[in-house]
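Working notes for the structure below.
Along the sequence shown, residues are numbered consecutively beginning with 1.
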Amino acid sequence: MTRTSLRDSSGNRTSKIAAAGQWPDSERDATTGVTALENALAVARTALLSLQKQDGHWCFPLEADCTISSEYILMMHFMNDVDVDLEVRLARFIREQQDLEHSGWALYYGGHFDLSCTIKAYYALKIVGDSPDAPHMVRARTAVLAHGGAARGNSFTRILLAMWGQIPWRGVPFMPVEIILLPRWFPFHLSKIAYWSRTVTVPLTILCSLKVQAANPRKIDIPELFTVPAEDERDYFPVRTTLNRLFLLIERTASLFEPLIPQVLRRVALRRAEQWIVERLNGECGLGGIFPAMVYASEALALLGYAYEHPYREQCRRALRGLLVEEGERTWCQPCTSPVWDTVLATLALQEDVGADQKSIRKALDWLVPLQILDAPADWQEDHPGLAGGGWAFQYANPHYPDLDDTAAVAWAMHQANPQAYHESLERAADWLAGMQSSNGGFAAFDADNTYYYLNEIPFADHGALLDPPTSDVSARCTGFLALYGKAEQQDSMKRGLSYLFSEQEPSGAWFGRWGSNYIYGTWSVMESLRLARVDTDHIAIRRAVQWLKSVQRDDGGWGESNDSYFEPQQAGQFFTSTPCQTAWALLGLMAAGEVNSQAVRHGIAYLIRIQGNDGLWSQPWFNAPGFPRVFYLRYHGYAKYFPLWALARFHALTRKTFV
């Protein structure tokens with residue numbers, strides 16, 4: 001069997017294998033004496049290690065749609081604190097992302113037109129100085145009007161437009177700051193919504209209650225984006241469901257009584273909200289560690305009278321600047337940073353690489369140790385007052401909001417490295433994870449039993465992402481680690497986790513991916529968990545998952561799945577092209593099920609080697625995770641780098657005898 005190496009038009013190393021899908025086990029490079037697999041793995045290893053920071057961690061860019069960069073421009077003009085050079089670079093990035101096919105902006109690369117994203121991008125570009133008569137602006141405006149105009153934007157977009165004086169306040173959900181005073185037994189309470197909703201809602205209620213107005217120093221308006229004048233619009237709240245109609249009636253009625261709220265009560269609520277924000281301001285990592293909360297906190301503190309030079313406002317500015325990614329003549333803004341997640345996933349990949357430098361792995365894990373959140377005040381403690389802390393956050397710092405997925409992954413890596421050396425960290429992590437298990441046996445990202453689904457029907461929640469219920473992918477990581485850890489006191493939690501996972505399997509054999517795109521990610525996550533739990537690979541759930549993964553493999557040996565599958569589940573595992581990280585997930589899942597010698601795995605490994613880049617790693621433009629399915633998506637730039645390496649490393653480790 002022969003193999004010819006060449007370069008494709010993008011500069012990637014490619015290979016032609018005589019019989020498609022056949023892995024050339026016996027082939028060796030005549031000049032170096034190493035297999036193509038070993039060479040690919042070696043250069044990938046070197047490349048990934050070269051990106052490790054001096055202190056041991058990794059952090060790759062985390063990209064979202066143009067909403068974030070557009071809102072950064074709008075924020076500067078809202079506060080009348082404009083960096084002209086920065087807005088020019090941000091605008092350049094936004095223009096480059098406009099879709100030539102539908103003329104607007106999408107939620108992910110190659111995605112469909114999104115009205116709210118396009119409204120914000122158009123407004124940001126107009127503020128920067130783009131003429132409404134410029135061809136790209138005309139195309140965008142035409143697309144917005146064709147989709148109903150700016151009045152049809154989602155609740156967050158309409159709130160922004162109200163703060164900019166583009167629509168009346170009656171066009172936004174009623175969000176009085178007094179909600180922070182509601183008792184826990186009330187149908188709506190901050191503890192009943194997800195952490196990301198909490199950190200956004202509290203500062204936003206200050207802005208909405210005080211009816212803030214943007215500085216708008218250039219006096220730019222966008223009346224041209226409305227099909228009828230905003231003041232004449234009477235349909236700002238399309239009814240979604242019967243329950244939504246009821247909530248809308250209650251909310252619209254309640255809004256009529258806002259003028260009757262006693263000023264004393266309002267001052268008390270404003271003070272409580274202010275204290276809530278300040279307690280969680282989180283230094284240079286910002287409120288909640290996420291962009292929207294940081295922006296609203298910055299604006300709310302200014303509105304409450306904090307001077308520009310005040311340390312709290314300076315913290316907000318530094319946190320926001322820390323999200324910017326500079327790329328020469330263009331700049332874009334991240335929704336948050338992902339150092340803990342990137343570090344642990346890169347570490348897990350290298351742990352399966354028999355040729356990796358263990359010192360680099362140990363350095364990464366040692367960097368993670370002091371980031372464990374042991375006894376800091378946190379929101380989760382309200383429902384678990386007797387539970388000791390032990391989690392890790394996603395960001396460099398976010399002590400109020402450690403997350404279960406990062407915690408399980410870090411503990412998994414530490415246990416694989418040296419259970420004795422990391423004994424204290426592992427014990428605290430295991431106890432915390434078991435204590436945060438939801439009543440149905442599953443695990444959520446930040447809270448337990450955050451399943452008040454009726455709240456997704458309130459007018460503000462038209463994004464459908466108000467809650468943080470248990471999911472298969474997070475549950476898989478938590479259950480897998482508890483199984484690996486193996487302590488008797490966590491065995492009940494592990495068994496309940498497995499039962500939850502089996503109950504969540506789709507009829508197709510796949511599992512839904514809440515935090516990665518989509519069913520391929522979810523299926524890999526669960527298959528990995530079942531491997532760690534030593535579930536027999538002949539188990540019917542595993543065989544069904546294997547069959548599904550093989551059924552969606554593409555002819556080139558890879559796998560791909562569009563984020564469209566969140567809108568249309570029948571597109572699960574389907575895409576017009578293969579992608580590196582989704583191929584790696586499928587391969588890792590199959591190998592976890594004992595399929596290392598299958599034709600599907602060997603074909604997939606050959607695909608990864610074919611598309612490996614000149615830098616030894618992989619790249620892709622496709623977004624590979626939802627922040628919130630259907631409304632917000634992410635591209636983890638690191639996923640296409642360490643996941644393929646992980647798949648190659650596992651395959652090499654499991655088949656080393658073939659190459660001796």
Side-chain angles (χ1 to χ4, degrees), residues 12 40-41 44-45 47-52 57-65 107-111 325 332 334-353 364 394-395 403 405-406 409-410 412-413 445 473-474 476-477 513-525 527-528 558-563 565-566 573 575 577-589 604-605 607-608 611-613 615-627 629 632-650:
N12 289 338
L41 185 54
R45 176 195 312 129
L48 184 61
L49 288 173
S50 73
L51 298 173
Q52 188 175 22
H57 83 285
W58 283 268
C59 187
F60 296 97
L62 180 58
E63 184 178 350
D65 63 74
L107 295 178
Y108 46 87
Y109 182 82
V325 176
W332 53 277
Q334 304 173 98
C336 60
T337 57
S338 54
V340 173
W341 191 235
D342 282 331
T343 297
V344 70
L345 291 176
T347 299
L348 285 165
L350 290 168
Q351 282 182 328
E352 297 206 34
D353 181 359
F394 181 79
Q395 302 90 346
D403 82 87
D405 212 358
D406 279 85
V410 171
W412 172 16
D473 39 14
V474 177
R477 233 99 52 206
R514 166 60 181 87
W515 297 100
S517 302
N518 174 349
Y519 292 92
I520 295 176
Y521 177 87
T523 303
W524 158 66
S525 298
M527 298 281 268
E528 203 69 69
W559 280 262
E561 183 173 4
S562 169
N563 285 306
S565 62
Y566 287 102
F575 201 25
T577 185
S578 299
T579 72
C581 66
Q582 289 168 327
T583 297
W585 294 335
L587 288 169
L588 289 166
I605 292 295
Y607 166 81
L608 287 181
I611 65 163
Q612 190 175 18
D615 62 355
L617 296 172
W618 294 260
S619 62
Q620 64 179 61
W622 314 107
F623 280 38
N624 43 35
F632 186 66
Y633 295 86
L634 301 166
R635 177 189 169 200
Y636 287 85
H637 285 221
Y639 277 15
K641 303 183 189 306
Y642 41 70
F643 275 115
L645 183 151
W646 191 348
L648 294 184
R650 178 172 293 180

Discussion item. Working note: W341 + Y639, criterion side-chain contact (heavy atoms from CB on, under 4.5 Å); need CA distance, chi angles, decisive distance, verdict.
Written reply: CA-CA 10 Å; W341 191 235; Y639 277 15; 2.7 Å; yes
Worksheet item: Has the side chain of Q351 got a donor or acceptor atom that lies under 3.5 Å from a matching backbone atom of A413?
Response: yes
Worksheet item: Taking all atoms of both residues into account, what is the closest heavy-atom pair of A364 and T347, and its distance?
Response: CB-OG1, 3.4 Å
Discussion item. I'd like to know if the side chain of T343 and the backbone of V340 have a donor-acceptor N/O pair within less than 3.5 Å.
Written reply: no
Practice prompt. Check S562, P626, P629, S565 against N518 for a side-chain contact (heavy atoms from CB on, under 4.5 Å) and give me the one that passes.
Written response: S565
Worksheet item: So, do L62 and F394 sit near enough that their side-chain heavy atoms are less than 4.5 Å apart?
Response: yes
Worksheet item: Which pair of non-hydrogen atoms, one from S619 and one from P580, has the smallest distance, and what is that distance?
Response: O-CG, 3.8 Å
Worksheet item: CH2 of W618 to CG of L645: how many Å apart, nearest 0.5 Å?
Response: 6.0 Å
Fill in: Residue of the set L345, L49, V344 for which side-chain contact (heavy atoms from CB on, under 4.5 Å) holds with W58
L49
Discussion item. Checking side-chain polar atoms at under 3.5 Å, does Y642 have a donor or acceptor matched by the opposite partner on D342?
Written reply: yes
Worksheet item: Which of parallel (below 30°), tilted (30 to 60°) and perpendicular (above 60°) describes W524 and W585?
Response: parallel
Worksheet item: Is any side-chain heavy atom of R635 less than 4.5 Å from a side-chain heavy atom of Y109?
Response: no
Fill in: Backbone N/O of A40 and side chain of R45: donor-acceptor pair under 3.5 Å
no
Item to complete: Side-chain contact test, heavy atoms from C-beta onward, threshold under 4.5 Å: evaluate it for S517 versus Y108 and give yes or no.
Response: no
Item to complete: State, with a plain yes or no, whether a side-chain heavy atom of N563 is found less than 4.5 Å away from one of L107.
Response: no
Discussion item. Are the side chains of P335 and F632 in contact, using a 4.5 Å heavy-atom criterion?
Written reply: yes
Fill in: D353 and L41, any side-chain heavy atoms less than 4.5 Å apart
yes
Worksheet item: Once you round to the nearest 0.5 Å, how far does CZ of F623 lie from CG of L634?
Response: 7.5 Å
Item to complete: May I ask you to test the R477-W515 pair for a side-chain heavy-atom distance under 4.5 Å?
Response: no
Discussion item. Please evaluate residues L617 and L51 with respect to the criterion side-chain contact (heavy atoms from CB on, under 4.5 Å), reporting the C-alpha separation (whole Å), side-chain torsions for both, the decisive distance (0.1 Å), and the verdict.
Written reply: CA-CA 11 Å; L617 296 172; L51 298 173; 3.8 Å; yes
Fill in: Exercise: identify the closest heavy-atom pair between C59 and T337
SG-CB, 4.4 Å
Fill in: Atom pair CG (L348) and CZ (F643), whose distance is rounded to the nearest 0.5 Å
8.5 Å
Worksheet item: Do Y521 and N624 touch side chain to side chain, with heavy atoms closer than 4.5 Å?
Response: no
Worksheet item: Knowing that exactly one of E63, Q334, Q620 qualifies, which makes a side chain to side chain donor-acceptor pair (under 3.5 Å) with H637?
Response: E63
Practice prompt. Looking only at non-hydrogen atoms, find the nearest pair between G513 and D473 and report the distance.
Written response: C-OD2, 3.6 Å
Discussion item. The test is side-chain contact (heavy atoms from CB on, under 4.5 Å); show your working for L588 and R650 and say whether it passes.
Written reply: CA-CA 8 Å; L588 289 166; R650 178 172 293 180; 3.8 Å; yes
Fill in: Under 3.5 Å: donor-acceptor pair, side chain of Y636, backbone of S338
no
